[in-house]
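Every value quoted in this text rests on a predicted model; they were computed, and no experiment measured them. Labels below follow one simple rule: chain letters A, B, ... track the order of the sequence lines, proteins then strands, and each chain is numbered from 1.
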Protein chains: 2
Amino acid sequence: MRPTIKDVAREAKVSISTVSYAINNSDRISEKTRNHVLEVAKKLNYSANSNAKRLRQKNVGAIGIFFNSWFGPIYSELVQGIERKVHEMGYDLIACSLFGGAESTAHRYLKDHMIDGAIILSNAFDDDFLKSVASKDLPIVALDREVKAEHIYNILIDNFGGAFGATKQLISSGCKQVHYFCGPDDSYDNQKRLEGYIAALGFYNVKFDNNLIIKSDFTEEDAYLKMKEIIDQGDAPKAIFSANDEMALGIIRAANENGIKIPEQLKLIGFDNIRESERTTPALSTVTHHKYEMGVKAVEVLFSAMNSEEEIEQVTILPTQIVERETV
Amino acid sequence: MRPTIKDVAREAKVSISTVSYAINNSDRISEKTRNHVLEVAKKLNYSANSNAKRLRQKNVGAIGIFFNSWFGPIYSELVQGIERKVHEMGYDLIACSLFGGAESTAHRYLKDHMIDGAIILSNAFDDDFLKSVASKDLPIVALDREVKAEHIYNILIDNFGGAFGATKQLISSGCKQVHYFCGPDDSYDNQKRLEGYIAALGFYNVKFDNNLIIKSDFTEEDAYLKMKEIIDQGDAPKAIFSANDEMALGIIRAANENGIKIPEQLKLIGFDNIRESERTTPALSTVTHHKYEMGVKAVEVLFSAMNSEEEIEQVTILPTQIVERETV
DNA sequence: CTGAAAGCGCTTACAG
DNA sequence: CTGAAAGCGCTTACAG
């Protein structure tokens with residue numbers, strides 16, 4: 001059986017209060033006593049029962065992170081930022097399984113308040129659910145998603161601005177026709193990027209042409225297929241703004257296979273600056289955002305919400321920048 | 001403030017025992033009372049404080065999963081198997097951050113017994129640490145790694161057999177020289193696969209030639225570079241057994257770029273059967289194992305260890321098979 | 001069928 | 001500087 005505080009007290013011949021003070025580094029006991037207790041605790045391999053501790057202290061000491069899949073390459077740096085910052089704040093970070101729908105660990109941990117705060121990168125929770133669990137005691141930070149409610153904070157990147165800038169650059173480099181490779185309709189990112197694209201057309205008085213909007217789904221494979229299709233139809237695009245980099249990868253592959261020279265015959269800008277984007281031939285120009293910093297920011301907002309009494313921003317928008325490589 | 005069982009009791013005008021019975025579906029109270037209590041609980045948005053519950057019940061109800069990175073493509077199906085099975089057993093599944101070394105959430109959760117069992121796909125814990133935390137109350141299942149100790153169970157794939165079979169096939173198809181693309185020295189998988197390779201050579205009385213062992217590191221990029229180097233030196237390999245698929249991807253890329261025809265001029269077999277392996281041109285022949293089933297098995301072993309009194313197998317070895325595609 | 005009470009393992013005012 | 005005791009929110013024998 002696991003030793004309890006009682007066992008340590010008995011073995012060290014002190015009261016359980018003293019053990020508690022020793023373990024928690026209180027300065028109310030003498031150095032000598034503390035060392036003695038700590039020694040005994042170590043000998044018994046004692047560690048405090050967290051359930052008892054948390055019950056007493058009314059805090060959990062953990063932040064939950066929720067993503068659709070535990071394995072999406074995009075998030076890697078973002079999560080690193082989150083991990084480091086949460087650790088720095090002295091909290092634990094746990095990710096909960098979403099398997100099982102409304103009965104999933106993720107749902108239970110949110111409902112049962114098994115965490116002190118949540119960071120969400122997932123659309124597996126609907127807005128109503130999030131609203132029902134968010135509170136001052138369990139604030140939620142949602143990334144790349146707009147959820148307007150008390151105790152829910154949104155951190156977004158400037159999708160609109162990034163798309164606007166990318167499209168603008170394509171147009172101002174002389175392209176009168178800019179194709180837009182589109183992500184899924186229900187993607188928040190895609191919507192905003194499309195808006196930015198349209199706004200840039202408007203800015204330059206270029207007429208919006210629905211035929212230039214290529215419906216795809218954010219995957220390399222589908223974009224590759226769509227691009228090949230277009231090329232086969234005989235009128236290859238001169239300029240493309242791709243709503244994400246993965247699709248841009250597929251576009252490059254199709255272009256290369258068909259002898260279309262980039263950037264001479266086709267200019268291309270992606271979005272996200274994923275790792276692979278600098279390794280393509282030619283290297284992909286793209287819109288970047290600081291993922292690591294986004295993670296850090298998310299944690300900062302979360303802890304302000306947990307601790308501070310003052311109003312904090314409900315929505316934070318992080319800037320984007322164009323990184324010019326060889327496709328434009 | 002969150003409502004407690006007291007609040008529900010007061011509001012429902014019953015004792016807290018009755019509330020507890022109602023919430024936990026005990027048949028000791030009348031249907032009528034239960035419904036009434038449940039209604040009040042719902043109205044107050046009550047959910048039991050898990051810390052109190054767990055303290056009382058002396059169980060946690062959660063399994064921990066630990067992987068080096070939350071984002072390694074190999075694990076996806078494996079984790080799906082684990083998620084489904086853990087959920088089926090009525091337990092929660094949480095992944096703990098490894099950031100912070102010995103002070104990480106992962107280490108703390110293991111030490112402090114915040115979980116009832118652990119599944120480990122990581123080399124971030126050394127054997128001694130695992131041995132010190134494993135117990136009947138917190139058994140550990142280690143995947144793809146041999147840790148021999150009480151309460152630690154190993155689930156392995158038949159690396160040796162798979163490598164033996166792959167090499168054997170290459171030799172028996174007429175290749176007298178088979179190169180081995182090597183993973184990192186400290187990789188358990190790599191060691192076993194190398195042993196299988198060597199054994200197959202022995203089986204066919206082919207002399208081991210150290211020049212055919214190409215030191216690489218499991219990555220596409222490095223294998224690509226190494227392969228190019230070899231080709232540039234003028235004596236392109238006729239047959240390669242690659243210790244994993246990612247390296248095989250790099251090998252194919254280098255071969256394709258240098259006009260080496262696969263499988264006519266070069267036969268190649270990889271290991272792991274990652275998703276990309278069927279999409280390469282030509283499609284990669286490889287050694288496969290059932291990742292989803294491995295996840296399920298891991299959970300089964302873990303729960304046996306947690307619940308059953310009888311001896312259970314310390315080591316489980318899962319079979320591998322060769323999937324023939326176009327590179328051989 | 002229902003309730004009063006003990007106790008899980010801690011922390012922390014309070015007393016000395 | 002140390003200890004006795006209350007209490008966190010539950011569950012569960014026990015009594016009625």
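Here Ser50(B) pairs with nothing under the side-chain hydrogen bond (donor to acceptor under 3.5 Å, both in side chains) rule; sequence neighbours left out. The ring-ring contact (aromatic ring centres under 6.0 Å, His included) search around Tyr91(B) returns Phe303(B), not counting sequence neighbours. With sequence neighbours excluded, the residues forming a ring-ring contact (aromatic ring centres under 6.0 Å, His included) with Phe99(A) are His87(B), listed by chain and number. Residues that satisfy the side chain to side chain contact (heavy atoms under 4.5 Å, CB included) test with Asp158(A), not counting sequence neighbours, are Phe160(A), Ile317(A), Thr320(A). With sequence neighbours left out, Asp7(B) forms a salt bridge (charged side-chain N to carboxylate O under 4.0 Å, His left out) with Arg10(B). With sequence neighbours excluded, the residues that form a side-chain hydrogen bond (donor to acceptor under 3.5 Å, both in side chains) with Glu11(A) are Lys43(A).
Within the structure, ring pair (Phe, Tyr, Trp, His ring centres under 6.0 Å) contacts touching residues 6-45 of chain B (residues at least two apart or in different chains) do not occur. Screening residues 106-143 of chain B for ring pair (Phe, Tyr, Trp, His ring centres under 6.0 Å), with sequence neighbours left out, gives Phe66(B)-Phe125(B), His107(B)-Phe125(B), His107(B)-Phe129(B), Phe125(B)-Phe129(B).
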Distances for protein N or O near nucleotides 14-16 of chain D N or O, under 3.5 Å:
unit_1	atom_1	unit_2	atom_2	d
dC14(D)	N4	Arg28(B)	NH2	2.5

Listing time: all N or O pairs from protein to nucleotides 7-9 of chain C that are below 3.5 Å?
unit_1	atom_1	unit_2	atom_2	d
dG7(C)	N2	Arg56(B)	NH1	3.0
dC8(C)	O3'	Lys58(B)	NZ	2.5
dG9(C)	OP1	Lys58(B)	NZ	2.9
dG9(C)	N2	Ala52(A)	O	3.4

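Residue Ser20(A) is classed as a base contact, given a heavy-atom separation below 4.0 Å to a base.
Shown for residues 102-112 of chain A: no residue has heavy atoms falling under 4.0 angstrom of DNA chain C.
Taking a pair as Watson-Crick or G-U with both hydrogen-bonding distances under 3.5 Å, the stems of three or more pairs touching DNA chain C are C:1-3 with D:14-16, C:5-12 with D:5-12, C:14-16 with D:1-3.
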